[in-house]
Amino acid sequence: MNTQITIAGVTFKNPVMTASGTFGSGMEYAEFVDLNRLGAVVTKGVANVPWPGNPTPRVAEVYGGMLNAIGLQNPGIDVFLERDIPFLKQFDTKIIVNVCGRTVQDYVDVVERLGDEPAVAMLEINVSCPNVKEGAIAFGQNADALSGITREIKRHARQPVIMKLSPNVTDIAKMAKAAEEAGADALSLINTITGMKIDIHKRKFALANRTGGLSGPAIKPIAVRMVYQAARAVKIPIIGMGGIANGEDAVEFLLAGASAVSVGAMNFVDPCTTEVVLDGIEYYMRRHDVENISDLIGAVED
Amino acid sequence: MKRRVSAEVIINREIAPAIYDMWIQPVQKLPEINPGQFIGVFLKDKSLLLPRPLSICEVNADRTALRIVYRIAGAGTHEMSLRRPNDGLGYVTVLGPLGNGFPLEKGEGKRTLLIGGGIGIPPLLELAKRLKAEKQIVVGYQNCNTAGFLQRDLAQYGTVHVATEDGSVGTKGNVLDAVRQKRIEADLIYACGPMPMLRAVKAYAQEKGIPAYISLEERMACGVGACLGCVVKTNQVHHHTNVNNARICTDGPVFEADEVDI
């Protein structure tokens with residue numbers, strides 16, 4: 001049984017990754033999960049300088065999922081390179097660093113710093129966080145803006161570039177194509193869907209930011225649909241995510257056209273979810289006599 | 001590797017209106033637990049995904065069972081309240097212990113003041129049990145309906161003073177009114193309770209020039225320090241986050257009052 005997949009020339013031992021922002025830099029989950037088993041650890045978004053993030057409350061539970069408005073709190077690239085990368089290097093897993101910024105130059109600064117770090121296999125560019133006022137999603141909701149930032153990042157990046165797309169758009173296929181044409185090596189989707197919760201007893205917003213990103217099993221059908229539409233529109237590989245809780249969910253994304261999958265909010269529900277997903281994929285492959293996992297990618301039929 | 005574990009519900013009874021006293025026995029022996037640590041309790045209702053962070057009230061001597069005293073605050077704790085020993089719902093899934101807990105060594109041999117407000121009282125019990133010091137324990141309740149829960153348990157380990165907002169039991173007013181009325185002097189404070197109480201405790205400790213260790217709460221998701229959902233503002237740049245905030249779930253929930261901007 002072969003679970004290896006290749007994205008933009010980088011080979012992963014299996015397609016199971018962690019969704020940015022739900023796994024820190026792996027440190028907190030290393031007590032629960034053997035990081036050596038994961039295809040890749042995708043880190044929490046890192047910016048050129050430390051970001052304090054949004055006021056609390058930053059999270060709220062909703063039916064079948066959660067809202068978050070963390071606001072991309074991160075320690076900045078200096079601490080990240082000194083502490084988080086050396087930690088992750090101890091493990092036999094690929095490192096994908098998620099990059100955030102307010103301006104194109106912010107992104108480029110981080111991308112250039114990471115270019116000197118050969119342990120970083122790929123870059124994932126966050127142009128889809130709904131919880132910060134400047135940058136981020138502003139680049140991800142307009143095809144021209146997405147195209148522009150993708151081109152600029154590709155000009156400076158030494159590693160292959162994954163553009164992380166927002167579901168808060170009318171036509172995901174158009175956004176996927178814009179990123180591909182601008183030179184993106186891969187896409188990841190979906191980021192969270194903008195939502196809101198109101199505490200009716202207090203007549204207050206549940207989140208200090210008023211709105212937040214919806215994640216968890218509640219969004220999975222939307223994510224599967226968008227992965228499918230994006231996969232039909234582009235030739236570059238796609239990393240699919242949105243509410244994945246087990247191997248069956250992961251296989252659904254693969255069949256829709258994803259080459260790899262990321263586990264996000266469900267890490268909070270069971271810290272061992274990534275391993276549960278991998279075990280479930282392997283079980284599915286045995287049960288259905290699938291020799292190569294790549295045979296599953298986009299294999300859904302009418 | 002650490003994992004979530006199943007725990008059998010041994011006792012789950014209402015000890016005051018909407019306040020439940022639950023003893024659970026995890027399938028494996030618990031690791032060392034510090035007073036003030038908490039556990040994440042997972043629910044069966046799959047629409048309620050996130051763990052409920054609940055403070056550990058007490059641990060038995062051989063660390064095979066632990067006690068949580070919780071208030072029904074929503075659908076999740078309501079579901080917990082329906083668990084009965086020896087029926088199909090007679091177990092819970094838990095993660096923990098989580099967080100740092102109260103620093104016992106700081107209070108050792110000193111005149112300590114333990115302050116608890118409402119559903120912040122439970123973690124004081126294990127603290128009072130383990131703390132080798134002179135202990136004055138002040139607990140505040142809303143009114144005579146809730147007054148008294150855990151009072152007798154706490155009285156085994158120190159002198160207990162009660163305050164109620166309506167004056168129906170003990171001192172009329174809040175916990176600090178009781179501290180002042182009883183002229184309690186202390187070298188150090190440990191406290192857990194609602195934010196207005198903790199702010200008042202912090203101001204009181206500053207006024208007296210003594211340290212206070214306060215246990216905070218915030219809406220949490222992961223409980224293990226990864227999601228950065230439950231932060232508190234700190235006065236200094238925190239060593240882990242590299243910004244002026246700290247994670248309540250892992251850097252806390254107990255902080256020295258002077259460290260945090262509440």
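In what follows, every chain begins at residue 1, and chains take the letters A, B, ... in the order their sequences are listed. Only heavy atoms go into these numbers, but all of them, side chains included; no hydrogens, no water, no symmetry mates.
Of the listed residues (Gly24(A), Gly216(A), Pro75(A), Pro271(A)), the greatest number of heavy-atom pairs within a distance under 4.5 Å of chain B belongs to Pro75(A). The residue among Thr250(B), Thr241(B), Asn244(B) with the most heavy atom pairs within less than 4.5 Å of chain A is Thr241(B). Annotation: maximal heavy-atom pairing with chain B below 4.5 Å, among Glu61(A), Glu31(A), Met66(A), occurs at Glu61(A). Note on Asn267(A), Val62(A), Val33(A): by heavy-atom pairs under 4.5 Å with chain B, the leading option is Val33(A). Each of Arg3(B), Arg4(B), Arg219(B) has some count of heavy-atom pairs under 4.5 Å with chain A, and the biggest count is that of Arg4(B). With chain B as the partner, the residue from Met266(A), Lys44(A), Arg83(A), Met27(A) showing the most heavy-atom pairs under 4.5 Å is Arg83(A).
Between Asp106(A) and Arg102(A), no side-chain nitrogen of the basic residue sits less than 4.0 Å from a carboxylate oxygen of the acidic one, so the salt-bridge criterion is not met. Ion pairing between a basic and an acidic side chain is recognised when a charged N comes within 4.0 Å of a carboxylate O; Glu79(B) and Lys44(B) show no such pairing.
With a threshold of 4.5 angstrom between heavy atoms, Asp270(A) approaches chain B through its backbone and through its side chain. Interface residue Leu95(B): only side-chain heavy atoms are found under 4.5 Å from chain A. Of the two parts of His238(B), neither the backbone nor the side chain holds a non-hydrogen atom closer than 4.5 Å to a non-hydrogen atom of chain A. Using a 4.5 Å cut-off between heavy atoms, Ala218(A) does not touch chain B at all. Interface remark: Asp34(A) contributes backbone and side-chain atoms alike to the contact with chain B (heavy atom separation under 4.5 Å). At a 4.5 Å heavy-atom cutoff, the contact between Val269(A) and chain B is made by backbone and side-chain atoms alike.
Screening residues 21-38 of chain B for salt bridge (charged side-chain N to carboxylate O under 4.0 Å, His left out) gives Arg13(B)-Asp21(B), Asp21(B)-Arg67(B), Glu32(B)-Arg63(B), Glu32(B)-Arg130(B) as the qualifying pairs, with residues at least two apart or on separate chains. The ring pair (Phe, Tyr, Trp, His ring centres under 6.0 Å) contacts involving residues 22-50 of chain A comprise Phe23(A)-Tyr29(A), where partners must be two or more places apart or lie in separate chains.
For the side-chain contact (heavy atoms from CB on, under 4.5 Å) criterion with Arg113(A), the lone passing option out of Val97(A), Asn48(A), Asp78(A) is Asp78(A). Of the candidates Val41(B), Leu66(B), Ile10(B), Leu66(B) is the only one forming a side-chain contact (heavy atoms from CB on, under 4.5 Å) with Ile24(B).
In this structure, the side chain of Asn14(A) engages the main chain of Gly39(A) through a donor-acceptor pair within 3.5 Å.
Under the 30°/60° scheme for interplanar angles, the aromatic rings of Tyr70(B) and Tyr20(B) are found to lie parallel.
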